[in-house]
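These notes concern the structure reproduced below.
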Amino acid sequence: MRAALVAPAAVAVAAAGPGGPVVWQNTCELREEPVVIPQAGRTLHGVPALPARGKGPFPLVVYVHGDGPVDATHDTFHRPLWEAFARSGYASLSWNEPGVGEAPGDWLDQSMDDRAAEAADAIAWARGRPDLDGGRIGLWGAGQAGWVLPEIAAKDRGIRFVIAVSPAVNRHRQGRYDLLAEMRRDGASDAEAAAALRRRETGLELLGRGAPYEEYAHAVGDPKGMTAARRRFVTENHTADASADLPALRGIPVLLVLAGHDVNVDTAETGAAYRRLLPGPALRVAHYPDATHGLVGRAVEDSPVRLALTALCAPRALFAEGFLADQEQFLTTVDTEGARP
């Protein structure tokens, strides 16, 4: 599940030239420092983004990406978030997925356990930095990270807060919802949707008995984007379910961010699961009725021209109204609530 995102700074560099308001719009008040993090036999290529002023130690937001080959900045999409968090005095830490840029490995070879271990390594590294406050670390994650964030928190009792953006809960139910929602969006007929569901059930049956990729491709007819490598990733992760680990988030502030036009994640199911498993005032739910899965405004995302112009002239405005400010406000309340018991 991956949102349709754009690279605002890259668009600006290509089209704007030096000086003027476009350059200002695409300049974030941050100090970024590419780093290489060697931990536990792996190497992460990361970017700490610190507030523009001050020596720290700064509290830290650690990013866990959604699906796909994502770089540390998410093609600069994360920078407006980093800037908003910096205004609350927080640093951010993100890193390239394996195989992206100079990072070794292949993200398609990772399980959700691998991704949680990777984040644990990054957090251990951050706790050794004098400019970062190892006792005030929280998590931010989107989409597929919904299966990773609770696992990290279950193993690290020092996690102080979590921001979960369009997170998935159960992989099988999410996959079915995703398939049908995208078909409805694209105007598929009932017969086409039924045929797609039959192909999906066939694929799940083959997954259950470990059938080889060749048998899968023959059985479904047209595998489309399901390459052998992607199928290997799905085989490793198709049973992912956050329900067992979500109670580990009890007692710490959790901001659940949901979009009104999410065709990737069933926000009704996600919201119900979080409210059931995380009862009490520590859970806050922010719902953006006009947003898509990536929390981009629907009217912006649906218009290629408007999307490009917004990315060029006002990248902060790509997000749904209130999305950045609400997370900034959430962080200002975290330190007043203390650590979980």
Side-chain angles (χ1 to χ4, degrees), residues 1-4 65-70 97 106-116 141-151 164-246 256 258-277 292-294:
M1 73 196 69
R2 193 175 179 203
H65 298 305
D67 192 17
V70 182
E97 292 288 290
D106 185 345
W107 67 275
L108 287 170
D109 289 336
Q110 288 191 307
S111 67
M112 296 302 108
D113 290 344
D114 293 333
R115 300 199 63 208
Q144 188 184 93
W147 300 313
V148 184
L149 301 174
E151 182 175 347
V165 180
S166 303
V169 176
N170 178 277
R171 178 65 181 84
H172 283 183
R173 291 196 298 272
Q174 176 272 324
R176 188 179 191 278
Y177 172 87
D178 185 358
L179 172 65
L180 292 177
E182 289 188 356
M183 294 196 78
R184 284 195 299 270
R185 180 197 62 193
D186 297 339
S189 67
D190 290 344
E192 289 170 327
L197 284 175
R198 288 193 295 271
R199 287 193 299 272
R200 180 176 183 275
E201 290 303 315
T202 297
L204 290 175
E205 188 273 327
L206 294 170
L207 273 176
R209 60 181 176 84
Y213 176 76
E214 293 74 17
E215 183 179 352
Y216 162 79
H218 176 75
V220 301
D222 179 8
K224 295 183 179 179
M226 186 64 72
T227 63
R230 180 71 180 181
R231 182 69 174 179
R232 184 176 69 247
F233 177 82
V234 171
T235 300
E236 181 69 32
N237 295 295
H238 74 100
T239 60
D241 191 316
S243 300
D245 285 328
L246 268 171
L256 174 63
L258 302 175
H261 295 280
D262 196 328
V263 298
N264 300 97
V265 169
D266 185 344
T267 56
E269 176 180 330
T270 291
Y274 271 68
R275 290 183 178 96
R276 182 179 73 255
L277 296 169
T292 62
H293 177 65

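Along the sequence shown, residues carry numbers from 1.
- Within a 6.0 Å sphere centred on NE2 of H218, heavy atoms belonging to other residues, nucleotides or ligands number 12 at most.
- Residues passing the salt bridge (charged side-chain N to carboxylate O under 4.0 Å, His left out) test with E205, sequence neighbours excluded: R209.
- For the pair R115 and E97, the minimum side-chain heavy-atom distance is below 4.5 Å.
- Between L180 and A193, the shortest heavy-atom contact is CD2-CB, 4.2 Å.
- With Q174 contributing its side chain and N264 its backbone, the two residues share a donor-acceptor pair below 3.5 Å.
- Taking CE from M112 and CD from Q144, the interatomic distance works out to 3.5 Å, rounded to the nearest 0.5 Å.
- To the nearest 0.5 Å, the span separating CG on D67 from CZ on F233 amounts to 5.5 Å.
- Interatomic distance, D262 CG to T270 OG1, rounded to the nearest 0.5 Å: 8.0 Å.
- Closest of all the heavy-atom pairs between A242 and A168 is CB-O, 4.4 Å.
- Side chain of H172 to main chain of T239: no donor-acceptor pair is present (N/O by atom type, distance under 3.5 Å, no hydrogens or angles).
- Of the inter-residue distances, the one linking R276 atom CZ with L246 atom CG reads 9.0 Å to the nearest 0.5 angstrom.
- In this structure, a donor-acceptor pair under 3.5 Å is present between the side chains of D241 and S243.
- Contacts of E269 classified as salt bridge (charged side-chain N to carboxylate O under 4.0 Å, His left out), with partners at least two apart in sequence or in another chain: R173.
- Residues G271 and L256 come closest through the heavy atom pair CA-CD2, 4.0 Å.
- Under the rule for a salt bridge (charged side-chain N to carboxylate O under 4.0 Å, His left out), the partners of R232 that lie at least two apart in sequence or sit in another chain are D109.
- Nearest heavy atoms, P167 versus V265: O-CG1, 3.4 Å.
- With sequence neighbours left out, E201 forms a side-chain hydrogen bond (donor to acceptor under 3.5 Å, both in side chains) with no residue at all.
- From D245, atom CG reaches atom CH2 of W147 across 13.5 Å, with rounding to the nearest 0.5 Å.
- Environment of CG in D190: sparse, with no more than 12 heavy atoms of neighbouring residues, nucleotides or ligands closer than 6.0 Å.
- Checked against side-chain contact (heavy atoms from CB on, under 4.5 Å), A188 has the following partners two or more places apart in sequence or in another chain: M183, E192.
- Across all non-hydrogen atoms, the minimal contact from H293 to S166 is O-OG, 2.9 Å.
- Y216 has its side chain within reach of M226: a pair of non-hydrogen atoms, C-beta onward, lies under 4.5 Å apart.
- Nearest heavy atoms, V169 versus Y274: CG2-CE1, 4.2 Å.
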Does R200 form a salt bridge (charged side-chain N to carboxylate O under 4.0 Å, His left out) with D178? I'd like the steps, not just the answer.
CA-CA 12 Å; R200 180 176 183 275; D178 185 358; over 6 Å; no

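- Here A219 pairs with T202, L206 under the side-chain contact (heavy atoms from CB on, under 4.5 Å) rule; sequence neighbours left out.
- Here the straight-line distance linking atom CG of L179 with atom CZ of R184 works out to 9.5 Å at 0.5 Å rounding.
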